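A quick write-up on the structure given underneath.
Just so you know, these numbers use all the heavy atoms, side chains as well, and skip hydrogens, waters and symmetry mates. By convention in this document, chain letters (A, B, ...) are assigned in the order of the sequence lines, proteins followed by strands, and residues within each chain are numbered from 1. This one's a predicted model, so the numbers in the text were calculated from it and none came from an experiment.
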Amino acid sequence: MHLRCTCMRGNGMKEYQPASIEPKWQVAWNENSVFDSDVDENKPKFYCLEMFPYPSGKMHMGHVRNYSIGDSMARFRRLAGYNVLYPMGYDSFGLPAENAARKIGGHPHDVTWSNIESIRTDLNRMGFSYDWRRELATSNSTYYHWNQWIFLKFYEMGLVVRRTAPTNWCDSCDTVLANEQVKNNRCWRCADEVRQKYFPSWWLKMTNYADELLDELDNIEFPENVKAMQRNWIGRSHGADICFSVIESDEIIKVFTTRPDTIFGVTFVTLAPEHTLCETLVTGTEYEADYRELADECARMSEFDRINMLKEKKGVFLGRYATNPLTGKELPIYAGNFVVGSYGTGAVMAVPGHDQRDHDFAKKYDIQIVQVLSEEEGKEPKVTGRAFEGLGWMVNSGQPRFDGLYGEEAKSAIIEELKSKGMGGGTTQYRLKDWLLSRQRFWGTPIPFIHCNECGMIPVPENDLPIELPLEVVFTEGESGNPLASHEGFVNTNCPKCGSPAKRETDTMDTFYDSSWYFLRFTDAQNQSAPFNKSKADYWMENGVDLYIGGIEHAVMHLLYARFFTKALRDAGLNDVSEPFSRLVCQGMVNAPTPYCTECNVEHHVDLDGQQCPLCDNKLGSRSAKMSKSLGNTVSPEIMIEKYGADTVRLFILFGANPEAGMEWSDSAIDSNFKQMNSIYGALIQAIEIAEDPSLKSNSSGEKWLLARARLNSKNWAEYMTNVSLRDGVMLSHFEMLSDWQWAQRRGEISCDGAMQFLKIWVPMLYPTTPHLAEEIWELMGNNLMLAQTNMDMDSEKDDGDRIILSREEYLRKVIDRARSVRELAERHTEGELSKVIIQTAQEWKINLATSAISMLQDGFDFKEGGNKFLHTQPCFQNEDIRAEVMQYWRSIVIGQKKRRGRIYTWGMRENDLISGELEEVSFLKENSQFIADALGVPIVDVYQAGDGEDIAGKARNSIPLEPGIAWQ
RNA sequence: GCAGGGAUACCCGAGCUGGUCAAAGGGGCCGGACUUAAGCUCCGGUGCUAAUCGCUUCGUGGGUUCAAAUCCCACUCCCUGCACCA
């Protein structure tokens, strides 16, 4: 496949050859270390980061998209004079490498390393501008050493706990999982069902930070849906703990409720089946058998279809009663399958009048339903057959001082009452759990603890770190379990405290631990004596990573862990910053067409393209779906780079959709982007040829316009880029700028100076997204310093005269457009060939009226009130021949018709300038009559002010300022 | 059920701090120029009408306004996440 533009326009045009340009500049950048950056207090910093890749194979299109966005932003910020930190690394611990090693009989280290090599090669071929000195891989002991060090710090801070508790166990992955890693009761990685298992595990007390994690969301720029997911996940709810004492027993049932205001409507109490009190109450009674049945069913729950389980509310009476602390009323105690043991206190007070679940339950088991809130102030509650769950006015409390209280007031009153009786109080519950950190697998950071029979669990002394993973381990297929546990050399050690023989902890850390602070390590990646130097971290991390780009799939997991970590490390005194990422951009999916059956709503492998659905025999259609190996609809970046070059792939990716939107892979679209690159290249070469010819000295209005346009585009472009609106930016840099150049070419000669000025504006705009092409042209322009080393002033104010130049040209284009739009009709109404265009500009009196009206409007004149009066004083109004026209015109500029407002309101500043003297329409059009004639393909263009010549087709009447009457003959 | 985001012309997609919006840009399609021809490239067209007017259109229905794709209300459908969370 050759990277050759087969079209040859102009003379001596060079070909666009990315295959030679791209490696050339990649080498040049590399040799000059232009992307290395260090702390520099004199420059504003910009930390641009992408979620680093998990090296599971080659680079895929998702990576290409992610990093093309980041690289453009990094390059743009460098160009704008920022000190940019833009690093790359590999999240290289984890199960897939271990499984792969098991399959091929090697060591995960080797598998991981060869994948890293491959990805690094691909990254370089795309021309991404990383500071490679900072490259890191989390599976290197130089990195995980500090994982362990931090873990010990957390231990000292009391953030690490080891406890035996119910955990989520995945059989297929052979390990426990954190709460965040379980989706719909399935493992996030392998989708196997998760079951509960009692297990001694290591936890990080993330819940200590629940409030800060939640509240700080308001101050960071994350997409709304990510914030919503995190809020949801943390799940803070304010409410009350209320104690119900069990009758004929010392036991107390503590419940959590968000609705203490409904306490007078409690008619029973429900415990989670796994609640310890159930056993105590029921053992040895006639109710025991029923209870056991329910409890067993719930314990097996994960094996059942979740949907079925959700439908049926079940419970059993436990044979005992509790008392309502405020009324003393006796309430039956039930165990119910819908009460979650791990949330709140694992017990709920049931208010069937005001909670639909309790209502259903009460109906089913024939329990009393009491309404204690009214929807309307001062009225009795309505009987509806459903629970009223909204806030309401308290009634039927039996204690008059509560009746009539509403909402929050009612809640606080109850809470106060409970407090005073010592039976409860206000409290806050979270859905967020502590982070279950330990994994029973090999390929992760060993947890630096030692089990000693004498001394118990002892942290490894800091000086003994890192505890390295042994390399002499062989993985074989079909063998499960953690090879660390059976590795004598690893496991056996001595107690650091008493010296007696002891065993090492063989659990390793969740790989999300690794990625929870890598952005801090990047600020000082080579540090051998600490995770990172504080002042370096504080410099680069001030206000957090400025732009963090990655997939939405980490909305809860990685992004929450990293936020927690940054706060915990801050409290450990390692850094000042509290929020790791100040702005998050989640790039959309890269989709591609895949066969799809509308009947079955199933996507199929591309091998079935054009065939019948294997499930229902219908003919398969096509639909867009996320690129995936299983559907086979992937496109290899390598092949595309080889075919079109990295710059075209980048252009396609960035132009295809704005970063957050999903995008569609399309062979024809990338092809047309390649054409675009060729056109741009052709235009650039042409511009350089002009720039090199000093005999070209024209100073045409086309040239002035081109430069004014370029200044405007460049300014807008910088704004778009700053906002990460890359698609809009690319639209200007790679599309508008080219078509402006082409328009200017048609408008007249460009001088050598003009061409050079244009290039100086355009080429830097091309640089962030298609850097190789830009560098190549920049060099041809005679620059010694590479663009990669160049800073640009991005806030250059545009020339004041630009506005006029641009609006004059816009006027010209509008006139031509209008002429075109009436041409077809004119043809129908005219016999023979059209040979002439007659343009009649507005009469002088129209211009005068418009000018007056504009300035009167600026002075706040009320046209409805005094418009006619003013008109009557005007000289043109005195002429009876045109009085009707004058009135009609006046109305159209100061009042307007139906949907269209009067022109004086719709004319902008530009138009006002033109009308009030910046544009002599007749002379301007006359100057450009040859161009207009060419554009319209007509030999003669006649221009005069209405009245100065014959009124062709009655157009004089239609003419208004800036909208001349146009007729064809 | 709760939360977040959507629905715009043949398709993708911008606009959505109300008027300059028949609605950017791209793709597709149609026509023209160039070419022996196809391709490439360039120019023009692509709601209906119409010598520049006008009419209808931005998920459905209603409302506010002199004026609504844009603001408000209700509804329908789609995507995403969480979910017997008390």
Where the side chain of [X] is defined as all heavy atoms beyond and including C-beta, which of [options] is the nearest nucleotide?
X: Thr257(A); options: C84(B), G4(B), A86(B); result: A86(B)
X: Ile966(A); options: A24(B), U52(B), A86(B); result: U52(B)
X: Trp968(A); options: G26(B), C85(B), A51(B); result: A51(B)
X: Ser672(A); options: G27(B), A86(B), G4(B); result: G27(B)
X: Arg357(A); options: C84(B), U52(B), C43(B); result: C84(B)

Does a side-chain N or O of [X] approach OP1 or OP2 of [N] to a distance below 4.0 Å, or not?
X: Arg431(A); N: C85(B); value: no
X: Lys955(A); N: A51(B); value: no
X: Gln429(A); N: C85(B); value: no

Nearest-angstrom distance from the residue atom [atom1] of [X] to [atom2] of [N]:
X: Lys227(A); N: C2(B); atom1: NZ; atom2: P; result: 23 Å
X: Gln888(A); N: U52(B); atom1: CD; atom2: P; result: 13 Å
X: Ile816(A); N: C43(B); atom1: CD1; atom2: P; result: 13 Å
X: Leu936(A); N: G45(B); atom1: CG; atom2: C1'; result: 15 Å
X: Phe735(A); N: G25(B); atom1: CZ; atom2: P; result: 12 Å

Nearest-nucleotide comparison on RNA chain B, the residue closer to the 5′ end among Leu738(A) and Met731(A):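 Result of the comparison: Met731(A).
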
Whichever of Asp817(A) and Lys675(A) has its nearest RNA chain B nucleotide further upstream toward 5':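 Closer to the 5' end of RNA chain B: Lys675(A).
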
What integer number of Å spans the [atom1] atoms of [N] and [M]?
N: U57(B); M: A9(B); atom1: C1'; value: 9 Å
N: A69(B); M: U76(B); atom1: P; value: 24 Å
N: U41(B); M: C78(B); atom1: P; value: 41 Å
N: C58(B); M: G47(B); atom1: P; value: 16 Å

Neighbour count above 12 (heavy atom, 6.0 Å) for Lys227(A) NZ: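 Count over threshold, so yes.
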
Residues, nucleotides or ligands: over 12 heavy atoms within 6.0 Å of Lys814(A) NZ: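 No, because the 6.0 Å sphere around NZ of Lys814(A) holds 12 heavy atoms or fewer from other groups.
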
Parallel, tilted or perpendicular, as decided by the 30° and 60° cut-offs, for the rings of Phe268(A) and Tyr334(A):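 Perpendicular.
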
Whether Tyr365(A) and Phe361(A) hold their rings parallel, tilted or perpendicular, with breakpoints at 30° and 60°: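 Taking Phe361(A) first and then Tyr365(A), their aromatic rings sit tilted (interplane angle of 30° to 60°).
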
Short side-chain donor-acceptor distance under 3.5 Å, Asp934(A) and Gln930(A):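 Indeed, the side chains of Gln930(A) and Asp934(A) share at least one donor-acceptor pair under 3.5 Å.
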
Under 3.5 Å: donor-acceptor pair, side chain of Trp968(A), backbone of Ala819(A): yes

Range-with-range stems for RNA chain B, at least three Watson-Crick or G-U pairs under 3.5 Å: B:1-7 with B:76-82, B:10-12 with B:25-27, B:28-33 with B:41-46, B:59-63 with B:71-75

Salt bridge flag under 4.0 Å for residues Asp740(A) and Arg709(A): yes

